[in-house]
Colleague: 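Attaching a single structure in structure tokens format; questions to follow.
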Amino acid sequence: MLQFDILIVGAGGAGLYAALETSKRKGLSVAVLSKVYPTRSHTGAAQGGINAALGNVAPDSPEKHAYDTVKGSDFLADQDAVELMCEMAPKIIREMEHMGLPFSRLKDGRIAQRPFGGASFPRTCYAADKTGHVMLQTLYEQCLKNGVKFLNEWFLLSIVHNGERVSGVVAMDLRSGEIHGIRAKAVILATGGHARVYWNRTSNALGNTGDGTAAVLRAGLPLKDMEFVQFHPTGLRRTGILVTEGARGEGGYLINNKGERFMKKYAPEKMELAPRDMVSRAIETEIMEGRGFRDDEGNEFVYLDLRHLGRKKILERLPQIRELAIDFEGVDPIEEPIPVRPTAHYSMGGIDADKLGRTPIKGLYAAGECACISVHGANRLGGNSLLDIVVFGKLSGEDAINYVSEIGFAPFDESEVKREEERIDSLFSSDGKEKLVDLRSELSDVMSYGAGIFREEKKMKEALEKVREIKERAKHVKVYDGERTFNTNLQQTLEFLNLVEIAETIVLPALERKESRGAHYRTDYPKRDDENFLKHSVVERGEDGELRLSWKPVVITKYQPEERKY
Amino acid sequence: METAVLQVFRYDPEKDQAPYYKEYEVPVEGTLLNALLYIKDNLDPTLAFRAFCRSEVCGSCSMKVNGKTKLACKTPMKELVETWKGKPLRIEPLNHMKVIKDLVVDIDKPIEKMKTLIPWLVPDPRVVPTDPMHESIIYPEEMEAYKDQIHCMLCFSCYSACEAVADNERYRGPFAFSKAYRFQVDRRDIETAKEKRIRYAISGGLWSCVQCQKCLYVCPKGVKPAEDIQNLRGQAVKKGFTDKPGAKKLKHFVDWIYATGQINRLYLPEEVYGNKEAREKLTKAYTEMGVEVWEVPKPTKGLMKFRDIYLEILSKEDKALDLDYSHVRKIDKMVSDIFKADICTIVDKAHEEGRSSRGLISKLKGLLGGQ
């Protein structure tokens, strides 16, 4: 059996940072398991930047960063974790700069910073509009330098623990199709988000299917604040592909069919740079009230206008956005405005973890988008996710080192491997009465309908029922590719099953959270209700297979809840 | 709805004796990746290909369309149909890598090759602070030197299209040299690492590139490996790594052109490959064929002015240091010895006489033993 002191699952920013941290400690055996080659990870698609109070452009401080983050979160974030993250931000930015990360620079040679939504100061460090790409490449380079061991194209199936300590995972080597138990003293999950639940309209990669999150749920462990899903205001009209907030940070306008910068009605001060939840709702409201545009294919949208920024600025600061707009919309932003609409983007909720990434099971950590620490609360600020992944990747790596140096391997229950083999075998022999593509699309539609940007009791109840129905029908989905080698048909089926499990954990707490907070907006309860709901939702699956909902207090240090105005 | 036919390469080593092509009718809509996803969702779930971000940043979905390397998510179906005028579109895996299944190839080897070129920053403590309280100071204009290279997403399109990879197993591949070069021009990287990188690049086939420029055309991100390879070669020469034929050839060209205005075919085999007999054999052959042959060309009117212009051109390209003056002086001496006067006198004389140099066959005969 494969055996490592620390096994990291996922090779995006969080996984690679954890790996780098652990690679500095001699004598530890560490491996990074990932279903894609590390540089394919979705961190690479992050465009606009990463926040840190460097104060290079305007005086700034970690406290102000923390306040903006807490306010952006609609006061649901745990403030001790936010403070820790913001305090570490400048250091970790410089640490990555020292690794060679090519940040864009000011004339005087210091790291440049741009304005971003919900931030009081230009605080977002960037590398043109490819910040995530260069970050991922730089971290990967450093991992190669430090000789990190990679298990590329391995798929996580389940987490093995004994109710107290983690003992490893079960995973499939996609190339051979073989299923292996992997024993580890510590497992760090850095498996990314799950916005692919909204399959038909999302900025996410095809594989952002919450594999780690679903495995945690199956392992009987808690997920937190799952009802909070961020819809990014500016996805391209047809594909939902991301147009960075940096486009508005650089001064882009949002325009309705009356030619108005409609954000003046919703956030008179911050305008286009209000937090994402507000801007997304504003765009949808404009469309619903007939002030959007509609094309021949029936797509509805508003315009993101960059023309006034001028050719030079667009080419220099937003080259990738221009390329994507040309390739996917046939629109050159230098000449024409870009048609956009909100797109499912980011999972604020996830695996319940503390500020060192620890879950209730000893040795099991979660970091990055799959985790809910929680630093984003009910709404994440742009530029805080790249920060979150590196900070908590690093911290969980550090803590895991300490943990494994004092402890041996926990016994590994090999029947877990057998159970996974049986689960997979059953997919080959299913009756095939249901089609994966149809169910995936139905799931997406019902989630957008019931757990989208605007929510209400009736729709959510319908959605919950429908999701449960899809879950039943999913038992009839069949894997048609009968071979073991690189079976992407099997992989897409496993991913879909993960999405189905996650969908239920989003709708259930959404239904019970009878207030509006951040990205969770209910037309039937349009106000925030601190008295009853200033608390985290926690979802677990019991022995009987039913979901159980409970609540957990929010950590408040010094920022008392106040009305959120921009 | 308009449709097109894709002939997709299929091969499952587990069950297929040999690869075959399977035809699928797909809508002409969106990108090639959309077409492949359409096949997987609606026609044939067994088809294997890699895809992830679907927005041109992750580099997963590179493949060949009628022999041309393409990133599937960046290739509109309409464009393909127009380019190939209704002909079937043959979709195949990338070259030079083992097929795992259908369009999925084994990319471990090119990654291993890249690793040998130190594709990471080795910080110079004089530039990069060692504590996390300070940043290195890097001016925006310095970053111009590597602004394209940082876009490389390891899609291996260039590796697949490369002539040198086809010829030479050890050749690291275009992208690998671009990844390496990116650090050669980063001031934060320490000189000793730069030196090593050049050494490893040379043993990794730096001089094997034939400058066919294919890498440059297939890169979906505008990286220009062929240019980076030329620049690495320039660095190699500058750093004194001149013992490879490629470096010697470059040196021969640069020095002889500066010294005499042209390359020297008689000396080239000796200076580049160390073949000491070649000069004699060539001279003999030329003479027998009745071809006029000069051991060194007689300096002509305007040579000194030409040298100024040549030096100016090299300086503009930041290549002035490629000139090896001791070698130039040797050539000058050779000229003086043969013409019994120093180079300036000869040039002046040519100027006075207003005529160019003539053949030296008799002189050469004398030098080569009076044949």
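Convention: sequence-line order gives letters A, B, ...; per-chain numbering from 1.
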Colleague: Under 4.5 Å from any heavy atom of chain A, what part of B:I111 do you find: side chain, backbone, both or neither?
Modeller: side chain
Colleague: For A:H133, is it the side chain, the backbone, both or neither that has a heavy atom under 4.5 Å from a heavy atom of chain B?
Modeller: side chain
Colleague: To check you understand the geometry: which heavy-atom pair defines the closest contact between B:F49 and A:T488, and what is its length?
Modeller: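 Shortest heavy-atom contact: O-CG2, 4.1 Å.
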Colleague: So, does B:E135 use its side chain to make a donor-acceptor pair with the main chain of A:I111 at under 3.5 Å?
Modeller: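 Checked: pair present.
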Colleague: Pick whichever of A:H42, A:E95, A:Q142, A:E153 has the most heavy-atom pairs under 4.5 Å with chain B.
Modeller: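 Max contact count across the listed options: A:E153.
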Colleague: Is it the case that more than 12 heavy atoms not belonging to B:K15 sit under 6.0 Å from its NZ atom?
Modeller: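 Atom NZ in B:K15 is packed in, count exceeds 12.
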Colleague: Report the option among A:V36, A:D108, A:T239 that has the most heavy-atom pairs separated by less than 4.5 Å from atoms of chain B.
Modeller: A:D108
Colleague: Between A:N56, A:N152, A:I93, A:V437, which shows the greatest number of heavy-atom pairs under 4.5 Å with chain B?
Modeller: A:V437
Colleague: Kindly check if the number of other-residue, nucleotide or ligand heavy atoms within 6.0 Å of CD (B:E23) is above 12?
Modeller: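 Result for CD/B:E23: enclosed.
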Colleague: Picking from B:P76, B:C152, B:C155, which has the most non-hydrogen pairs under 4.5 angstrom with chain A?
Modeller: B:C152
Colleague: Just checking B:Y217: does its OH atom have more than 12 heavy atoms from other residues, nucleotides or ligands closer to it than 6.0 angstrom?
Modeller: no
Colleague: Report the distance from atom OH of B:Y139 to atom CG of A:L106, rounding to the nearest 0.5 Å.
Modeller: 11.5 Å
Colleague: With side-chain contact (heavy atoms from CB on, under 4.5 Å) as the criterion, how do A:Y37 and B:L154 come out once you've worked through the C-alpha distance, each side chain's angles and the decisive distance to 0.1 Å?
Modeller: CA-CA 10 Å; A:Y37 274 80; B:L154 306 180; over 6 Å; no
Colleague: Can you tell me which of A:R238, A:R175, A:K130 forms the most heavy-atom pairs within a distance under 4.5 Å of chain B?
Modeller: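 With the most close heavy-atom pairs to chain B, the winner is A:R175.
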Colleague: Non-hydrogen contacts under 4.5 angstrom with chain A: give the residues of residues 122-131 of chain B involved, or none if there are none.
Modeller: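 Under the 4.5 Å heavy-atom cut-off, B:V122, B:P123, B:V128, B:P129, B:D131 qualify.
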Colleague: Hey, what do you get for CZ (B:F52) to CG (A:N208), rounding to the nearest 0.5 Å?
Modeller: 5.0 Å
Colleague: From A:L206 CG over to B:C73 SG, what is the distance, rounded to the nearest 0.5 angstrom?
Modeller: 9.5 Å
Colleague: Measure distances from B:M153 to the heavy atoms of chain A and classify the residue's part below 4.5 Å as side chain, backbone, both or neither.
Modeller: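 The answer is both parts of B:M153.
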Colleague: Which region of A:L436, side chain (C-beta onward) or backbone (N, CA, C, O), has a non-hydrogen atom less than 4.5 Å from a non-hydrogen atom of chain B, or is it both or neither?
Modeller: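 The answer is neither part of A:L436.
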Colleague: Of all the heavy-atom pairs spanning B:A48 and A:F486, show the shortest one and how long it is.
Modeller: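 Looking at all heavy atoms of both residues, the closest pair is CB-O, 4.0 Å.
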Colleague: Take a 6.0 Å sphere around NZ of B:K98 and say whether it holds more than 12 heavy atoms from other residues, nucleotides or ligands.
Modeller: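 No.
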Colleague: Name the region of A:S41, side chain, backbone, both or neither, that has any atom closer than 4.5 Å to a heavy atom of chain B.
Modeller: backbone
Colleague: Would you mind telling me which of B:L47, B:D108, B:D186, B:N42 has the largest number of heavy-atom pairs within less than 4.5 Å of chain A?
Modeller: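 If we count pairs closer than 4.5 Å to chain A, B:D108 comes out on top.
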Colleague: As a quick check of understanding, evaluate side-chain contact (heavy atoms from CB on, under 4.5 Å) for A:L324 and B:E56, giving each step before the final call.
Modeller: CA-CA 8 Å; A:L324 292 174; B:E56 312 174 2; 3.8 Å; yes
Colleague: How close do A:A205 and B:C53 get, heavy atom to heavy atom, and via which atoms?
Modeller: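 So the two residues come closest at CB-CA, 3.8 Å.
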Colleague: At a heavy-atom distance under 4.5 Å, which candidate from A:K145, A:R110, A:R440, A:Q137 has the highest pair count against chain B?
Modeller: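 Most heavy-atom pairs under 4.5 Å with chain B: A:K145.
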Colleague: Check this for me: B:E29, atom CD, are more than 12 non-hydrogen atoms of other residues, nucleotides or ligands nearer than 6.0 Å?
Modeller: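 Count not over threshold, so no.
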Colleague: Please look at B:K179 and chain A and tell me whether the side chain, the backbone, both or neither of the residue comes under 4.5 angstrom of a heavy atom of that chain.
Modeller: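 Just the side chain, heavy atoms under 4.5 Å.
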Colleague: More than 12 foreign heavy atoms under 6.0 Å from NZ of A:K91: is that the case here?
Modeller: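 No, the 6.0 Å shell around NZ holds no more than 12 heavy atoms from other groups.
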Colleague: Can you find a heavy atom in the side chain of A:D481 that is under 4.5 Å from one in the side chain of B:K101?
Modeller: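 Contact flag for A:D481/B:K101 side chains = yes.
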Colleague: For A:T485, does its backbone N or O pair with a side-chain atom of B:E14 as donor and acceptor, under 3.5 Å?
Modeller: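 Yes, because the side chain of B:E14 sits within donor-acceptor range (under 3.5 Å) of the backbone of A:T485.
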Colleague: Check whether A:F103 gets within reach of chain B through its side chain, its backbone, both or neither, counting any heavy atom under 4.5 Å.
Modeller: backbone
Colleague: Chain A heavy atoms under 4.5 Å from B:R54: which part of the residue, side chain, backbone, both or neither?
Modeller: both
Colleague: Quick check on A:Q492 against chain B: is it the side chain, the backbone, both or neither that has a heavy atom closer than 4.5 Å?
Modeller: side chain
Colleague: If I measure from the heavy atoms of chain A, does B:H134 come under 4.5 Å with its side chain, its backbone, both, or neither?
Modeller: backbone
Colleague: For A:L174, is it the side chain, the backbone, both or neither that has a heavy atom under 4.5 Å from a heavy atom of chain B?
Modeller: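 The answer is neither part of A:L174.
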Colleague: I'd like to know which of A:E97, A:K107, A:R40 tops the heavy-atom pair count under 4.5 Å against chain B.
Modeller: A:R40
Colleague: Look at A:E323 together with B:K221 and state whether they make a salt bridge at an N to O cut-off of under 4.0 Å.
Modeller: yes
Colleague: Could A:R105 and B:E142 be called an ion pair, given the rule that one side-chain N must be under 4.0 Å from one carboxylate O?
Modeller: no
Colleague: Examine whether an atom of B:T31 lies under 4.5 Å from a heavy atom of chain A, and if so say whether it belongs to the side chain, the backbone or both; otherwise answer neither.
Modeller: side chain
Colleague: Quick one: what part of B:D41 sits under 4.5 Å from any heavy atom of chain A, side chain, backbone, both or neither?
Modeller: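 B:D41 touches chain A through backbone and side-chain heavy atoms alike.
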Colleague: With a 4.5 angstrom heavy-atom cut-off, is it the side chain or the backbone of B:P140 that approaches chain A, or both, or neither?
Modeller: both
